[in-house]
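Ligands are counted one by one from 1 in listed order, and the atoms in each one are counted from 1 as well. Please read these numbers as outputs of a predicted model, since none were measured by experiment.
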Amino acid sequence: LASDSAAFITGTVLVADGGHLAGNVDLSYGKVVLITGSSTGIGAQTAIQFAKSGAQVVVTGRNGQRVSDVGKQCSDISPKGLKALEVLADVSKEDDCKRLIQSTVEAFNRIDVLVNNAGFGLNSRITDEDYCLKLDTMFASNVKSAVRLTQLSVKYLEKTKGSIVNISSISGLIRDCPNISGYCMTKSALDMFSKCMAVELGDKGIRVNTVSPGCVRTTCRITRGETPEDTDKFYNKVSERYPIGRHGVPEDMATAIMYLASDRAAFLTGTILVSDGGHLAGNVDLSYGKVVLITG
Ligand code: NDP
């Protein structure tokens, strides 16, 4: 927080407590929490942790089998045996977003927390002929979905004085991988949307915050077509480069998300909580691997 890398972060409370606050079962007890992209990865773990802490969760994604597997895990772990609501939806589609909110409200009559987590990255170079097409696809899933779901849920969140947590990326703040300019732009847009919404929805009592993960091991690279061996190599390299000595795991993000969504974070809105094992602060990779000859 003291470094120049945190130049735009102010007014933030960064809780460093190994997840104690988030683990506190009272924090989300009885809340209705909708997490997009909860069929796998960060979203799935977030749904499971919320369910474990007593929240009523809505699990959603496009893959029916995975949605139902995660839904079952949530129901099994719920201390009160609350059954997770499972909704198949493609959040890049307006009708699906409407159905998702409708189903949630029909089932529970309220929404306390909306976690806009669904998203993905496509390799993109400006010289690609289909660059703009890729950009449109990513914007639809990574940004417009969050915009639509925010629009649709405002009237419910206003009643519960609820909150929104948008899942961005450090790629919204720095460009530290090749060929991801399109993805970086979607995440920067999401960051700005969150800040604007924090201001615009503040008087309705709705808080809007962002979690920006560093590299977190999920199946996203395998889904993109990488082999398991290449994936292992990639994450090992990341662990070497990250100041904390390891890559992130979905539980790390669930902790940050649950904290921002909780009443303990009542005075936090418009904040970007970077959870990246110190990568951004250290920014160790600026000259990583380069051979530098300095004469004189
Ligand atoms: P995964 O690929 O593991 O999971 C992505 C989830 O998003 C899946 O549940 C998928 O559902 C869902 N999803 C994607 N597009 C859509 C869509 N159009 N409609 C509905 N669901 C959709 O990703 P991660 O868990 O790794 O990433 C989660 C979020 O965190 C993303 O926004 C990502 O950009 C961000 N992030 C991840 C980082 C990482 O290193 N893993 C780093 C920084 C940010 P289904 O397959 O069922 O359709």
Identify whether the distance between the nearest side-chain nitrogen and carboxylate oxygen of Lys233 and Glu229 falls below 4.0 Å.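 A salt bridge is absent here (no side-chain N lies under 4.0 Å from a carboxylate O).
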Carboxylate-amine/guanidinium contact Asp263 Lys31, below 4.0 Å: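 A salt bridge is present here (some side-chain N lies under 4.0 Å from a carboxylate O).
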Part of [X] with heavy atoms under 4.0 Å of ligand 1, whether side chain, backbone, both or neither:
{"X": "Arg217", "answer": "neither"}
{"X": "Ser168", "answer": "backbone"}
{"X": "Asn63", "answer": "both"}

Under 3.5 Å, is there a donor-acceptor pair between the side chain of Ser78 and the main chain of Ser75?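 Absent.
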Backbone N or O of Gly37 within a donor-acceptor pair of the Asn117 side chain at under 3.5 Å?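 A pair under 3.5 Å: yes.
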Nearest non-hydrogen atom to [atom] belongs to which of [options]?
{"atom": "atom 32 (O) of ligand 1", "options": "Asn117, Asp276, Ile167", "result": "Asn117"}
{"atom": "atom 45 (P) of ligand 1", "options": "Ser38, Ser39, Ala89", "result": "Ser39"}
{"atom": "atom 2 (O) of ligand 1", "options": "Cys220, Gly214, Gly64, Ser275", "result": "Cys220"}

Give the minimum heavy-atom separation between Met253 and Ile42, together with the two atoms involved.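 Scanning both residues, the minimum pair turns out to be CB-CG2, 3.7 Å.
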Which ligand 1 atoms, with their elements, are less than 4.0 angstrom from a heavy-atom of [X]?
{"X": "Tyr183", "result": "33 (C), 34 (O), 35 (C), 36 (N), 43 (C), 44 (C)"}
{"X": "Arg66", "result": "46 (O)"}
{"X": "Asp90", "result": "17 (C), 18 (N), 19 (N), 20 (C)"}
{"X": "Gly41", "result": "3 (O), 25 (O)"}
{"X": "Ser169", "result": "43 (C), 44 (C)"}
{"X": "Ile42", "result": "25 (O), 30 (O), 37 (C)"}

So is [X] polar-close to ligand 1, meaning N/O to N/O under 3.5 Å?
{"X": "Gly37", "value": "yes"}
{"X": "Arg62", "value": "yes"}
{"X": "Gly43", "value": "no"}
{"X": "Val91", "value": "yes"}

